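Quantities reported herein were computed from a predicted structural model and do not represent experimental measurements.
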Amino acid sequence: MENLREIEKSLNISYHMMNFDIKKCCRSPGVGLTAASPTGAPTTTAPEQNKCPANLWTVDRLPEHFDPEYRLRRDVFPQHYDVSIDINIGDGGKFDFAGHVDILVEATEPTNKIYLHSLDLEVEPVRVVEAEGEREVPVQAQSLNVEMEQLRIELGDKLAPHKKYVVKVAFKGKLGDDLHGLYRSSYLDEATNTKRWLAVTQFEATYARRAFPCFDEPEFKATFTIDIGHNSALTALSNMPASKTGPHASIKGFNHTYFPKTVPMSTYLVAVVVSDFYVTKSEHSEGHADVAIWGRRDAAGQMAYARDIAPKALAFFEEYFDIKYPLPKQDMVAIPDFSAGAMENWGLITYREAQLLYDPAVSSQSSKAHVANTVVHELAHQWFGNLVTMKWWSDLWLNEGFATYMAALGTAHLHPDWRLMEDTAVSQALSVLPLDALESTHPVVRPIEHGRQISQSFDTITYRKGSALLRMIHSFLGEKAFKQGVSRYLKQHAYGNAEQDDLWERLTEEAHREGSLPACLTVKRVMDTWTVQSGFPVVTVRRDYDKNTANVTQERFFSSKKHSAEECWYVPLSFIAAPDAAKTAKALKDAADSATHAPQEWLRCQRDEAGQIGQTVAGLPAKDKWVLFNVNMGGAYRVQYDEENWRLLAAALADPKQRNAIGVVGRAQVLDDAFELAQTDRLKYAVPLELVSSLHLEEEYQPWRVALGALSRIDNLLRNDLYYDFFREWVSQILRPVFEKQGRIRDAVTDFTASKLKNLITSWSCKMEVGDCLEQTRELFAQWRATPDPEKNNPIPQDQRSLVYCYAIRHGKSEDWIWLWDRYLKSNVASARVTILSALGCSRDHWVLRRYLEWGINEASGVRLQDSFYVFSAVASTEAGYPLARDFLYRRTKAIAKHYGTSTTRIGRYVSSIANRMNTEEEYQQLVEYTKKNSDYLTHADQAVKQGLENARNNVQWRLGHADEVYKMIQAALGGEGSETLLSVVTDSV
């Protein structure tokens, strides 16, 4: 062990040093659009360009880093579990369970120690017997290491290598309320007005050990045979379909339900649900596994949508991966109290109600999209995560990144009219890049030293950046190589574990076979620069307009003013240029919106004559034509241009005939890059503000979403400023013509994307008090209040209810708040309840908001534990509520931590919510002092706390460095003092 400690210590040093090896690699032949091929015809780089320049950097795969005492020993491995648990859900007023587990194990080397995981269980004396012959191995001692959550067994004799033994453990435990392990949930049966109880499991990431002693790490895969004792009025579900149910042998009024042996899987995927739920089954399984939806009987009418799309999603993935779903059934259960959005337990997926249930008469189209995405995400996990599992949590992104990306592909297949791949591109840019631009970000593949770090790994970087990187790989490899590489990876490692290098090998083989990657360039060499190191690059394009070339360089992008050129990435460079004639505009737009783009060039890790990491790119358009790099946001990076190209792009976006050639995602990308570059002093704010001035021509949701998202941040940073009215007036002028085009709020829009645009524009128009927006919300809310049966008759369009509720409450009376709260308590639709919770935070009455914050951490109020954060976030997001939420967090941290119990990472979300709205030095210093004072409560959320502090600091710096500049530009746009236009300012200030 001491030698192992020294090895691990040295690995820690080598990991953080991030040593780079200089190697050679060919330039990509590349296929894409150039000025010579404006319609998208393939063009191949000249033979003399396909050489192998030296001085290229790669990052070698680095070994795992962990506390060796936290990880289990590798000298004993489980092969099979026989798990028997009797679950008492309220009988006699008790909520507990008792059982025993027999674990078939095999030693890989002689050892007299067996280490298992166990937490919050009463464990009886352990027995160890030979699997054949039943000879008992004497147990000399057993102890529980509480910090490491390990049950340690010392034997009198050593286990023989390659011989099988059975570890027998009896145990007892309590059904808790903290939504982890084996816990209890409840709901009110409307028909009988009685409280119903159920038991459910949530084992990911390290909570199977709270239900039975086990080898609770993903690499220790085994098969499971499970039997559950339960009240005879209830039904038990597990990963496999029940094989037999009959009276319990020793407990009166109980049944025993038996389940056959599972396929090999990790402990975190084992699942049990015991309830009196209603079930609806798919009528058409299309020759695949049987699908069933379970939930409260009162919610039976909300199950049809998930029931209908699940078989189609399974069929899509079976075809895409070329692997049949391996289990005979797929149950999906809507749980009233659930910590995560959903959990991919193999064959028994559990969900929050809002993520599985959809009521077409009540829920919005966005709620329907959330249900679709969540269902498809969890079904994708049946292959990525369940069939093939990461070896350790440091490679969690192989589970979550893949499920996130495949959910986008699968949902787009189910609903092509939703245009979800556009949404995926923009969503990833808006959610990933700002977070990954922080100094406190972390790599996609991150070292895990202790259990508390595992839960923090389930974050935006793991899910969204992982997805964005897979989208980038898909783009530069092409559909065929990507699809076949993924399929081969899954087949090779089926029922086992893998690391990202295993995926890289299979993708490289297919890419070389298809010719989509040069023979001496591997996916590993490219992608290690994106997954093993933090952050992402900004690619700077400075054109030589006489030679039709550009000098392209890269450096790491930070959201602060810190600029660095230490890191390097292999960057796939794709670009499109302005069409030569109007007839080519449609072809160019189609190319811009395509899912895959072979890069015209690879930006390699070599320094140019000026010492920058960059190179010259040829094939750019004529000097009067714009060029747009990173087509369709295919790469996870930002692009900076020279002054002239920014001017050409601004002119194109202001021209109704040219703007469509850039594409919807391209227009969003130009806006997003411009605002983020301006924030970090790489660009004057005149450029993004000029781009915004042409938004009156925009009819698509994604560019508006980006622009108003950027303006929302500025709005927050300028609030309470002496000249804030200038900003409001300028934004109002931009919104007014578009708001008038949208029509009345009461007019429902059936097209999904058009509905999202209307909701966005209307919400902002009410915020800025444009036209009669507020009056419309008051009228609609008053009509709803006057309805005799408001639960069944709501005149407000479903997609507009969130904004109508919010602004009616903000500008209404306390009676309106109480009335809407009553609607929350009486609502039977989870998504509608979440909408109301958020709207209730829009009030401007301080006493109402203070009471609401207290209700949020008191389940007796009717707010469930899983929904507590919605209350705080809703209050913190408003001008009136923010200072109250901040003070509430500072005063009530202990109470919040107690409310969540073991879910200690959640408090990090509270800190982030207030930190993101801070804009003064005084607030920032108060936050610093708060985090120091409450460090004991924030230990398990230290990543979110660091990011919150950095965001708050950046906000303060922005006000000091940019507020005056932005006001000057806005004043010019309003025709105020100086009377200069933004377009004239652009040329002078870049």
Side-chain angles (χ1 to χ4, degrees), residues 178-180 202 204-207 338-341 352 393 396-397 400 431-432 434-444 446-466 534 559 841 853 856-857 863-877 881-882 885-918 923-924 926-955:
D178 57 2
L179 315 185
H180 289 133
Q202 171 58 40
E204 191 179 38
T206 59
Y207 300 114
F338 200 69
S339 176
R352 281 195 190 193
W393 298 104
L396 176 62
W397 84 275
E400 299 302 347
S431 61
V432 172
L435 183 62
D436 208 27
L438 298 175
E439 295 177 51
S440 54
T441 187
H442 64 81
V444 171
R446 64 184 304 191
I448 301 294
E449 300 173 356
H450 197 277
R452 61 177 175 268
Q453 295 176 314
I454 296 174
S455 59
Q456 294 188 69
S457 296
F458 290 79
D459 65 358
T460 298
I461 296 297
T462 297
Y463 283 72
R464 292 295 187 90
K465 185 176 181 181
S534 301
S559 58
L853 288 166
I857 58 170
V863 178
R864 292 182 180 269
L865 176 64
Q866 66 182 12
D867 297 329
S868 293
F869 179 70
Y870 290 131
V871 172
F872 184 86
S873 176
V875 176
S877 65
Y882 158 70
R886 178 196 62 206
D887 295 344
F888 175 79
L889 175 62
Y890 289 175
R891 287 186 298 104
R892 301 284 279 154
T893 294
K894 182 178 179 179
I896 295 170
K898 182 179 179 181
H899 181 62
Y900 282 111
T902 59
S903 304
T904 49
T905 57
R906 291 194 172 197
I907 200 166
R909 301 170 67 186
Y910 285 70
V911 176
S912 297
S913 291
I914 65 163
N916 292 342
R917 287 188 60 83
M918 291 182 171
E923 288 178 305
Y924 172 67
Q926 288 175 349
L927 182 62
V928 171
E929 290 303 313
Y930 162 78
T931 58
K932 291 178 180 178
K933 182 179 177 181
N934 293 276
S935 58
D936 289 346
Y937 298 110
L938 303 176
T939 300
H940 294 264
D942 60 316
Q943 182 78 30
V945 171
K946 291 175 185 177
Q947 292 168 347
L949 286 167
E950 188 174 349
N951 275 324
R953 185 195 65 195
N954 289 345
N955 288 351

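Note that NZ of Lys465 and CH2 of Trp397 are 10.5 Å apart. Values are rounded to the nearest 0.5 Å. Atom CZ of Arg953 sits about 6.0 Å away from atom OH of Tyr924, to the nearest 0.5 Å. From Ile857, atom CD1 reaches atom CD1 of Ile896 across 5.5 Å, with rounding to the nearest 0.5 Å. With rounding to the nearest 0.5 angstrom, the CD1 atom of Ile448 is 8.0 Å from the CG atom of Leu396. The structure places CG of Leu938 at 11.5 Å from OG1 of Thr905, a figure rounded to the nearest 0.5 Å.
In this structure, the side chain of Ser873 does not engage the main chain of Tyr870 through any donor-acceptor pair within 3.5 Å. Remark: the backbone N or O of Asn916 is paired with a side-chain donor or acceptor of Asn955 at under 3.5 angstrom. Although no hydrogens or angles enter the test, the distance criterion places a donor-acceptor pair under 3.5 Å between the side chain of Gln202 and the main chain of Glu204. Formation of a donor-acceptor pair under 3.5 Å by the Gln866 side chain with backbone atoms of Phe338 is found in this model. Distance alone, capped at 3.5 Å, places no donor-acceptor pair between the Thr460 side chain and the Val432 backbone. In terms of modelled atom types and a separation under 3.5 Å, the side chain of His180 and the main chain of Tyr207 share no donor-acceptor contact. A donor-acceptor distance shorter than 3.5 angstrom exists from the side chain of Ser913 to the backbone of Arg909, with no hydrogens or angles considered.
Across every non-hydrogen atom of Ala915 and Gly948, the tightest pair is CB-O, 3.2 Å. Smallest separation of non-hydrogen atoms from Phe458 and Ala205: CE1-CB, 4.0 Å. Nearest heavy atom pair, residue Arg446 against residue Ser457, reads CD-OG, 3.5 Å. Scanning all heavy atoms of the two residues, the minimum distance from His442 to Ser534 falls at C-OG, 3.4 Å. Minimum interatomic distance between Ala885 and Val875 (heavy atoms only, all atoms of both residues): CB-CG1, 4.2 Å. When every heavy atom of His899 is checked against every heavy atom of Ser868, the shortest pair comes out as NE2-OG, 2.8 Å.
No side-chain donor-acceptor contact under 3.5 Å links Ser431 and Tyr463. There is no side-chain donor-acceptor pair under 3.5 Å between His940 and Ser455. A donor and an acceptor atom, one from each side chain of Glu950 and Ser440, are located under 3.5 Å apart.
Counting only heavy atoms from C-beta outward, the side chains of Leu949 and Val945 approach each other to under 4.5 Å. You'll find the side chain of Leu438 stays beyond 4.5 Å of the side chain of Lys946, heavy atoms only. Residues Leu927 and Glu923 form no side-chain contact, since every pair of their non-hydrogen atoms from C-beta on lies 4.5 Å or further apart. Side-chain atoms of Tyr930 and Leu889, non-hydrogen and from C-beta on, do get closer than 4.5 Å to each other. Using a 4.5 Å heavy-atom cutoff, the side chains of Ile914 and Phe872 are in contact.
Taking the six-membered ring for Trp and thresholds of 30 and 60 degrees, Tyr900 and Tyr910 have ring planes more than 60 degrees apart, a perpendicular arrangement.
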(request) Check step by step if side-chain contact (heavy atoms from CB on, under 4.5 Å) holds for Arg352 and Asp867. (result) CA-CA 10 Å; Arg352 281 195 190 193; Asp867 297 329; 3.8 Å; yes
(request) Mind running side-chain contact (heavy atoms from CB on, under 4.5 Å) on Gln456 and Asp942 for me, showing each step along the way? (result) CA-CA 9 Å; Gln456 294 188 69; Asp942 60 316; 2.7 Å; yes
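Heavy-atom contacts from other residues, nucleotides or ligands closer than 6.0 Å to CZ of Arg891 number more than 12.
Arg464 is linked by a salt bridge (Lys or Arg N to Asp or Glu O under 4.0 Å) to nothing, counting only residues two or more places apart in sequence or in another chain. With sequence neighbours excluded, no residue forms a salt bridge (Lys or Arg N to Asp or Glu O under 4.0 Å) with Asp459.
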